[in-house]
There are 2 protein chains.
Amino acid sequence: METRELRYFVAVAEELHFGRAAQRLGIAQPPLSRAIRQLERRLGVTLFERSSRAVTLTDAGEVLLREGRAALDAVAAADRRTRRAATGRPGLVLVTKAGASSELLAKLLDAYATEPDAVAVDVQLCGPAEQERLLRDGRADVALLHRPYDSAVGFDTEDLRTEGQVVLLPAGHPLTTRPHVRLAEVTALPDLPLPRWPDPDGGYPDGPGPPVRDNAQLLQLIALGRTVAVLPESVRVHLHEGLAAVPVLDAPEVTTMIAWPPHSRSRALAALVRTATRL
Amino acid sequence: METRELRYFVAVAEELHFGRAAQRLGIAQPPLSRAIRQLERRLGVTLFERSSRAVTLTDAGEVLLREGRAALDAVAAADRRTRRAATGRPGLVLVTKAGASSELLAKLLDAYATEPDAVAVDVQLCGPAEQERLLRDGRADVALLHRPYDSAVGFDTEDLRTEGQVVLLPAGHPLTTRPHVRLAEVTALPDLPLPRWPDPDGGYPDGPGPPVRDNAQLLQLIALGRTVAVLPESVRVHLHEGLAAVPVLDAPEVTTMIAWPPHSRSRALAALVRTATRL
DNA sequence: GCCGGTGATACCCGACAGGTATCAGCTCCG
DNA sequence: CGGAGCTGATACCTGTCGGGTATCACCGGC
């Protein structure tokens, strides 16, 4: 199976439409139809049920979509990491959710910079749920993840810190006078709908809350009295005018982890992880 | 990057010889040279240092060898799992080291068979160090691994059991009268050299001990007075004429784990893991 | 029943993977 | 010190196949 075939298949499986998939791939529709047919013939497996009005995935197609994405990510990672290794400039790309764990990250970068054989660390910020992809396809070398929000499935990890959660409210909201609250009290505030985060594919689910892309946007929207959020208590360092934090007793504890691809063999990465666990 | 190019690169990187690599791939040498050159040109990276007498990997080449193998395994897994999914016969392939944890495995299979929605479980036995490969490239769905001998890097795992280790000796050996021994006493027995296990590539390292492929062979060789081995104490169920076991006080504890590829989504696998953790 | 839109088919062309023949550089050895 | 023998690189040819355009066959809906 060639990666070209896999790319074609994934495009069709995602679009469920040969024409649009071909457009996305920058080729014409007939060669795409033929390539998929040939893939099916070589695998001996029907991947799509086609009628002239609709295309749907078979069960085997679902499997190939999941496995094929993983395989394409692995190929992309091989490409990127090889290119990076060839530049001669060692360096690490660390990815974290924008606005999360910023003081922990600052401490980590400071501590690592004093190491004798430290290399440059590029910090890449992204929205939630993008980190795993970046790590998997080689755009990043290491990430800060937050259990239970992120799954660390398929990566090596070390736990760095565990903390409780607080609810962030607009200053002056009635609940801000309370010493603490319960989860049920804040998930259903009638005038403060929960924000909507993007799906892995970049779209937003429907709902009443405002769409947000990162924590900075989120804090601003809370200060504007448009929404509310439950976040690890370390966000307190970002508190400013217009925001108040109240501990949530029964919210799950959040563990910040450092995560990296399991077969990494870089000395620089090992040193960074060692530094992180010693903080 | 196409999988064909990756296969070619890995072949050359493993052989470090264009002619032999071409032979292994079933093509002529010139197209292989050209394909590698083209790969280098497209990546903008030198992968090999060539002289007319020797071919060596550059640092970037080392990276691509490691990452490329992982990517090829992922592609192979996509292929195999898709084919399997299409047969309609659900079923799991469980792989374990021949002769290891056999009673635990028997109990697991028995317990799982009584589950309401149990599927067929094929048991595949292999030598040590092959299991990870089988799991990674889709030939197996789930494995029993033994920490610290096996690394579970890149897989999801659940610990099943932890046990101490014993040394297996030929009956009548002087040490068999002892209530327990220390590791140092058995690793350097002059008349009983340690056995040699195959490398991941199937070859055997040099040394005085007999080569072995699995535990059954090993037990036989021990009974014949040719070698000695330190194994988890559950091997006692295989004791028979000619064999004796003595606890080793300072040998590391061995944990049997059940392991599976991290993005598995099969209900059957989930049920098997659940059964295993309840044993 | 016609129209719009879907994927499949037919056919052509150019790119490129693979083959053979050969060259060029390096070691080793007589 | 020069040739033999091995290495990978180059030159050149050929057939396959990926991609394009034109068109068909099918289906649903107004």
Side-chain angles (χ1 to χ4, degrees), chain A residues 1-62 64-65 68 71-72 75 79 86, chain B residues 1-62 64-65 68 71-72 75 79 86:
Chain A
M1 208 161 26
E2 291 302 313
T3 61
R4 184 182 50 82
E5 300 176 287
L6 272 181
R7 278 192 300 271
Y8 287 7
F9 168 76
V10 170
V12 176
E14 286 179 355
E15 300 284 346
L16 291 178
H17 188 291
F18 281 76
R20 278 197 301 274
Q23 194 170 2
R24 196 172 108 185
L25 292 165
I27 65 172
Q29 170 259 318
L32 178 58
S33 285
R34 195 180 49 187
I36 298 291
R37 276 240 175 271
Q38 180 172 336
L39 177 61
E40 288 181 320
R41 201 163 39 80
R42 285 219 291 244
L43 284 172
V45 168
T46 303
L47 299 170
F48 295 103
E49 298 292 349
R50 311 145 163 85
S51 81
S52 65
R53 299 305 284 180
V55 175
T56 58
L57 274 172
T58 63
D59 288 351
E62 298 274 3
L64 185 58
L65 178 55
L72 287 177
V75 172
D79 184 315
Chain B
M1 205 160 27
E2 291 303 311
T3 61
R4 184 182 51 84
E5 300 176 288
L6 271 182
R7 278 193 301 272
Y8 287 8
F9 168 77
V10 169
V12 176
E14 285 178 356
E15 299 284 346
L16 290 177
H17 189 291
F18 281 77
R20 278 197 302 274
Q23 196 171 0
R24 195 173 110 185
L25 292 166
I27 65 171
Q29 170 259 318
L32 178 58
S33 285
R34 196 181 48 187
I36 299 291
R37 276 241 174 271
Q38 180 173 335
L39 177 61
E40 289 182 320
R41 201 163 41 79
R42 285 218 291 241
L43 284 172
V45 168
T46 305
L47 299 170
F48 295 104
E49 297 292 349
R50 312 141 161 90
S51 80
S52 63
R53 298 306 283 181
V55 174
T56 57
L57 273 173
T58 62
D59 289 351
E62 298 274 4
L64 185 58
L65 179 56
L72 287 177
V75 172
D79 184 315

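Side-chain atoms are counted along with the backbone in the values below, which use heavy atoms only and exclude waters and symmetry mates. This is a predicted model, so every value here is computed, not measured. Chain naming here is simple, since letters A, B, ... match the order of the sequence lines and numbering starts at 1 in each.
Taking atom CD on B:Glu49 and atom P on D:dA9, their separation rounds to 12 Å, with Å as the unit. As a whole-Å value, the separation of A:Ile36 CD1 from C:dT6 P is 17 Å. The distance between atom CG of A:Leu25 and atom P of D:dG18, rounded to the nearest whole Å, is 15 Å. Between B:Leu16 atom CG and D:dT7 atom P there is a gap of 13 Å when expressed in whole angstrom units. Between A:Glu40 atom CD and C:dA8 atom P the separation is 8 Å, expressed in whole Å. Atom pair B:Leu32:CG and D:dT7:C1' shows a separation of 13 Å (rounding to whole Å applied). The distance between atom CZ of A:Phe48 and atom C1' of C:dA8, rounded to the nearest whole Å, is 15 Å. Rounded to a whole Å, the CZ atom of B:Phe18 is 13 Å from the P atom of D:dT7.
Between B:Arg7 and A:Glu2, at least one side-chain nitrogen of the basic residue sits less than 4.0 Å from a carboxylate oxygen of the acidic one, meeting the salt-bridge criterion.
The backbone N or O of B:Glu5 lies less than 3.5 Å from no partner atom in the side chain of B:Gln38, so there is not a single donor-acceptor pair. Looking at B:Gln29, its side chain never comes within 3.5 Å of a backbone N or O of B:Gly19 through a donor-acceptor pair.
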- Query: For A:Leu6 and B:Thr3, what are the C-alpha separation, side-chain angles and deciding distance, and is it a side chain to side chain contact (heavy atoms under 4.5 Å, CB included)?
  - Reply: CA-CA 10 Å; A:Leu6 272 181; B:Thr3 61; over 6 Å; no

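An OP1 or OP2 oxygen of D:dA9 is reached within less than 4.0 angstrom by a side-chain nitrogen or oxygen of B:Arg50. Proximity of A:Arg34 to the phosphate of D:dG18: no side-chain N or O atom is located under 4.0 Å from OP1 or OP2. Taking only side-chain nitrogens and oxygens, B:Gln29 never comes nearer than 4.0 Å to OP1 or OP2 of C:dG19. An OP1 or OP2 oxygen of D:dC17 is reached within less than 4.0 angstrom by no side-chain nitrogen or oxygen of A:Arg4. Regarding contacts with the backbone of C:dA8, a side-chain N or O of A:Ser33 is found under 4.0 angstrom from either OP1 or OP2. Side-chain nitrogen and oxygen atoms of B:Arg37 include none within less than 4.0 Å of the OP1 or OP2 phosphate oxygen of D:dG8.
Projected onto DNA chain C by closest heavy-atom contact, B:Ala28 and A:Ala54 fall at different nucleotides, the more 5' of which corresponds to A:Ala54. If A:Pro30 and B:His17 are placed on DNA chain D by their nearest nucleotide, the residue sitting closer to the 5' end is B:His17. Checking B:Gln38 against A:Pro31, the closest nucleotide of DNA chain C that is more toward the 5' end is the one next to A:Pro31.
Backbone-only engagement by A:Tyr8 is indicated by non-hydrogen atom pairs under 4.0 Å involving sugar-phosphate atoms exclusively.
Heavy atoms only, all atoms of each residue included: A:Gly61 and A:Phe9 are closest at O-CZ, 3.4 Å.
Here the nucleotide nearest the side chain of B:Val55, chosen from D:dA9, D:dG8, D:dA22, is D:dG8.
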